[in-house]
J.: 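Shown below is the structure under consideration.
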Amino acid sequence: MRFSLLVVFLLLSAFAKAQDYYFSKFAPFQPDIPTPAEFLGYDIGEQHTRHDQIVSYLEKLAEVSNRATISEYGRTHERRKLVMLTVSTPENHNNLASIKQQHLAFTNTKQKVTNYDEVPVFIQLGYNVHGNEPSSSEAALLTAYTLVASEHPEITKYRENAIIFIDPTINPDGRDRHTQWANSFKGSPLVADNVDAEHTEAWPRGRTNHYWFDLNRDWLLGINPESRGKLNWYHDWYPNVVTDFHEMGTNSTHFFEPMLPIGSLNPIMPKENYDDLNNLFAPYFSDALDAIGSFYFTKESFDGTYPGYGSSYPDLQGALALLFEQASSRGHLQNTDFGTITFPFTIRNQYTSSFATVKAAVENKGRLRKYQQDFFVSAFAKAKTDQSSAYEFGDPNDKNRTKAFIDKLLLHRIKTYESGNGKYIVPLAQPQKRMVQSIFETYSKYRDSVYYDASAWSVANFYNMRYKGLNSVPSLGTEITSTDNLARVTPVARTGYAYLIDYDDYNASALLYHLQEKGIILSTAFKPFTAKTLSGSKDFNYGTLLVPVSRQSLDEDAVYTIISEAQTRFQVPIYATKTGFSLKGIDLGSRNFAKIETPKAMMLIGDGTSSYEAGEVWHLLDTRVHMPITKILMNNVRFADLSDYNTLVMVSGNYSQLSDGTVKNIKDWVSQGNTLITIGRATSWAINAKVATGKLTEKKKDTSKVTERKNYVDERPNNGKQRLGGAIFEVDLDITHPLGFGYNYRDLPVYKNNNVWLAPSKDEYNTIAKYTKNPHIDGYISDENLEDHLKPSASLVVSPQGRGRVILFADNPNFRGSWYGTNKLFLNAIFFGNLIN
């Protein structure tokens, strides 16, 4: 019994000590509400907390206190819950529907309300978007407990004057991947050595989600369920203040805004946001961190140029978004230049900044509400910098790609109208004006030449969506509120002769693989033709898919059933014909139709490779094509039987760890008739390793030029401006080549975020895509890179090797899961690679 009492005493002492370290200043607390330590059985910071434990604790708070409720706004790819804890007074909870209505009145330009100080401010505290930046989720537990349990007058004031939404873990899949790693390698005693396994997490690391996407770049693109769920929640509530908590290098300190100046020449974000409001809040952060002796910095790093961060997207919704970056312990204890940094220390800084945010928001709620109201009102004011009054877009040749683009507009609550003939109108004068600008506008002049991330994000170009600006708004048709019926096709008739499938459609690749899996044999057209179908004459493009019914091993009924069900699933135009005689061009029995081999693909992953690019390939094939790809770790490729596959994908990476024998095996495998697809830096590797023939363009050195003396302080920005962080360029695409099948126009936007300069092929037929004479569409590129490197280069080249080929992408056709416009190039490489001579 004495032993049991001793254990209880020690536990209570430990809990009290932890409380003193984090939140003793906010005592007293309601005794019937468990602290995080009491609930978990260990002090916060003693180990990394799993996501299910985090959710369970917040559910417990909502269960035992009428100051908190919890809701689920989505599920991750791995089916983990995405939750939001709402904290306020019981009275505010009981009247939340009415308070929400009053709050949303400030975002409604048709209402002229002025009760700015009378409505509780809406604060959304968001944590842990990067899974291996774990301190903020631990701080979220402490913040939730303090807001719910504290009886301190200051916390009482916050509950009375605010509705506080706590999103404890934006990226649960990545967090749990890192949590498992850190806890598995935790030593006892703790090991601070930087090279210990605990601090050197293995590939792909926990930063990203299940498909290895950086969710902090996904607010604009809305590809993943985590982001789509959060965006739907966001546009339901429109908070006034939003936080975005991160971690950075171990030897740094703590960052809060203001950031670096925005790189855009004329930012669409109001100056009041990034100047006045940031400077209004900054003293709250400095005072709070000064009080606990923490060091910090502002202004000299990070920027809000790209509108898809958690710390920039809310700025385009009338909120104040705030970025915090905390030096990371990357485990529980790690050496730094100034001694060790502990996990509890990192947590306390995030916790401190959380409450500084709440304090600043509550004490300035009237100003924040007036700002949000003015923000939406200003969306209807015609500015001198506006490029157009409205945008018209649409591609009648590809309704599913158009549908996907409209889905993105609706996700951001952009008002979109149908104008007929497969065209749509988006007016600029609407509450989401700044999002319309982000989607359509392009730029060539910039305030800065060095960017934390991309300098181009015109989403219309991501989708290869042909659009034009209108100087005046035409008569608007029906507003689109759902995409459910936008790409519906006429059901195909039954035939015993042949089916023709329109390969121009984005979903055609998925339908192709589905049919192959069902045992259907297909061919593709190397020339266009006009056929007499059961629904009339129809022009068919390069790449049209042919299903010859009589040449199948399945009977006519089975073929029709499979074709009909596939069309219903993928909504791709399919036409039935009873004759092989074409009205124009090749007949259906022509040798210009070639059988398509079913792909069996593999991809090298692991240390040295880009997890981002590998995840993009995996995500594309998994979620849109529904085609498996075997992912082989670099150190296991020597054990793989390459003859089991006909396609190998290599994304950007350092492949120097591959042995000479493995490289020879890959080269021999290609020459036997298989297809190697390389992207970005893998293309450089393939050429340098002589797996592919070709060369990289290089600027001729001027040996007569005298080196100019420069100041040391300018070294980083001068070198940085030669880095291509992400810009959009136009290429001329050979749409008669199998890699160009399904495209109707030769001009195509591509995305480049590397310095891989691929020389055109010496063979006149193997340069598939080359940059045009005036290639710049959007984003920053230095004059040197543009003139000396990009313009002479190619974007896509084929290098024949024996009976096989290497398909060399200089650029990334699958960037961030959003490049619908160039996905088809990559999918063509997979499906039609073996058809290239």
Side-chain angles (χ1 to χ4, degrees), residues 400 487-527 529 531-536 538 540-582 585-601 621-630 643-647 673-675 738 741-742 824 827-828 830-835:
N400 274 306
R488 294 293 175 186
V489 296
T490 303
V492 64
R494 178 173 172 169
T495 180
Y497 191 79
Y499 296 98
L500 296 167
I501 301 170
D502 184 355
Y503 194 69
D504 293 354
D505 192 276
Y506 183 83
N507 286 356
S509 299
L511 182 139
L512 167 58
Y513 185 76
H514 176 81
L515 294 181
Q516 289 178 321
E517 283 289 278
K518 295 294 183 179
I520 300 293
I521 300 172
L522 301 98
S523 300
T524 185
F526 273 64
K527 289 186 177 181
F529 60 97
K532 183 179 180 180
T533 75
L534 297 184
S535 53
K538 164 71 178 173
F540 290 94
N541 193 11
Y542 294 96
T544 296
L545 305 179
L546 168 65
V547 178
V549 177
S550 65
R551 305 181 76 177
Q552 305 294 323
S553 60
L554 303 169
D555 63 34
E556 179 182 324
D557 290 341
V559 171
Y560 176 70
T561 298
I562 293 170
I563 290 285
S564 179
E565 290 176 349
Q567 185 185 41
T568 299
R569 177 178 178 182
F570 297 105
Q571 291 297 307
V572 174
I574 303 178
Y575 304 86
T577 183
K578 291 184 177 182
T579 178
F581 185 78
S582 294
I586 60 174
D587 296 320
L588 302 193
S590 168
R591 284 178 291 182
N592 281 293
F593 278 94
K595 179 192 171 186
I596 306 167
E597 183 180 357
T598 302
K600 184 66 170 68
L621 296 180
D622 257 24
T623 66
R624 296 184 198 155
V625 185
H626 312 288
M627 176 188 129
I629 184 169
T630 299
S643 65
D644 289 341
Y645 310 91
N646 55 28
T647 305
N674 298 298
T675 301
F741 282 179
K824 191 180 285 284
L827 294 173
N828 286 350
I830 288 179
F831 285 100
F832 302 145
N834 70 304
L835 301 179

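Computed from a predicted model, the values in this text were never measured in an experiment.
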J.: Asp587 side chain to Phe581 main-chain N or O, any donor-acceptor pair under 3.5 Å?
T.: no

J.: Passes side-chain contact (heavy atoms from CB on, under 4.5 Å), Thr630 versus Asp644? Steps please.
T.: CA-CA 11 Å; Thr630 299; Asp644 289 341; over 6 Å; no

J.: Would you indicate whether the side-chain heavy atoms of Tyr499 and Gln567 approach each other to under 4.5 Å?
T.: no

J.: Please tell me if the side chains of Ile830 and Met627 come closer than 4.5 Å, counting only heavy atoms from C-beta onward.
T.: yes

J.: Under a 3.5 Å distance rule, please check whether Ser523 uses its side chain to pair with a backbone N or O of Leu546 as donor and acceptor.
T.: no

J.: Sequence neighbours left out, what passes side-chain contact (heavy atoms from CB on, under 4.5 Å) with Ser509? Give chain and number order.
T.: Tyr503, Leu827, Phe831

J.: Return yes when atom CZ of Arg569 has more than 12 non-hydrogen atoms of other residues, nucleotides or ligands closer than 6.0 Å, and no otherwise.
T.: yes

J.: Strictly distance-based, threshold 3.5 Å: is any side-chain N or O of Asn507 a donor or acceptor partner for the main-chain N or O of Ala510?
T.: no

J.: When rounded to the nearest 0.5 angstrom, what is the spacing between CD1 in Ile629 and OG1 in Thr647?
T.: 8.5 Å

J.: With a 4.5 Å heavy-atom cut-off, do Asn592 and Phe529 have their side chains touching?
T.: no

J.: Please check: side-chain N/O of Thr577 versus main-chain N/O of Lys532, any donor-acceptor pairing under 3.5 Å?
T.: yes

J.: Taking all non-hydrogen atoms of both residues, which atom of Ala525 and which atom of Ile586 are closest, and how far apart?
T.: CB-CD1, 4.3 Å

J.: Are Leu515 and Ile562 packed together at the side-chain level, in the sense that at least one heavy-atom pair is separated by less than 4.5 angstrom?
T.: yes

J.: If we ignore hydrogens and angles and just use 3.5 Å, is the side chain of Glu597 paired with the main-chain N or O of Leu835 as donor and acceptor?
T.: no

J.: Could you tell me which non-hydrogen atom of Ala566 sits nearest to which non-hydrogen atom of Leu511, and how far apart they are?
T.: O-CD1, 3.9 Å

J.: For Pro573, which residues count as a side-chain contact (heavy atoms from CB on, under 4.5 Å) partner, sequence neighbours excluded?
T.: Val489, Asp502, Asp505, Tyr575

J.: Which residue pairs pass the ring pair (Phe, Tyr, Trp, His ring centres under 6.0 Å) test when at least one of the two sits in residues 542-565, sequence neighbours left out?
T.: none

J.: Taking all non-hydrogen atoms of both residues into account, name the closest pair between Ala576 and Ala493 and its distance.
T.: CB-O, 3.3 Å

J.: Any side-chain heavy atom of Lys538 sitting closer than 4.5 Å to one from Leu500?
T.: no

J.: Run the side-chain contact (heavy atoms from CB on, under 4.5 Å) test against Thr623 and tell me which residues pass, sequence neighbours left out.
T.: Tyr211, His619

J.: Go through the steps to decide whether Leu545 and Ile596 satisfy the test side-chain contact (heavy atoms from CB on, under 4.5 Å), and finish with yes or no.
T.: CA-CA 9 Å; Leu545 305 179; Ile596 306 167; 3.7 Å; yes

J.: Look at atom NZ of Lys600 and say whether more than 12 heavy atoms of other residues, nucleotides or ligands are closer to it than 6.0 Å.
T.: yes

J.: Is there a side-chain contact between Thr533 and Phe540, using heavy atoms and a 4.5 Å cut-off?
T.: yes

J.: Look up atom CD1 in Ile520 and atom CD in Gln552, then write down how far apart they are to the nearest 0.5 Å.
T.: 4.5 Å

J.: With the side chain counted from C-beta on, respond yes when Asn646 and Asn834 share a heavy-atom pair under 4.5 Å apart, and no when they do not.
T.: no

J.: Which heavy atom in Phe570 sits nearest to a heavy atom in Asn400, and how many Å separate them?
T.: O-ND2, 3.4 Å

J.: Is it true that a side-chain atom of Thr524 and a backbone atom of Gly543 form a donor plus acceptor pair closer than 3.5 Å?
T.: yes

J.: Should the ring pair Phe741 and Phe526 be called parallel, tilted or perpendicular, given that the plane angle runs from 0 to 90° and is split at 30 and 60?
T.: perpendicular

J.: Can you sort out the partners of Thr544 under side chain to side chain donor-acceptor pair (under 3.5 Å), two or more places apart, ordered by chain and number?
T.: none

J.: Could you list the residues that satisfy side chain to side chain donor-acceptor pair (under 3.5 Å) with Glu517, not counting sequence neighbours?
T.: Tyr513

J.: Checking Arg551 against Ile521 for the side-chain contact (heavy atoms from CB on, under 4.5 Å) test, could you report, in this order, the C-alpha distance in whole Å, the side-chain angles of both residues, the deciding distance, and whether it holds?
T.: CA-CA 8 Å; Arg551 305 181 76 177; Ile521 300 172; over 6 Å; no

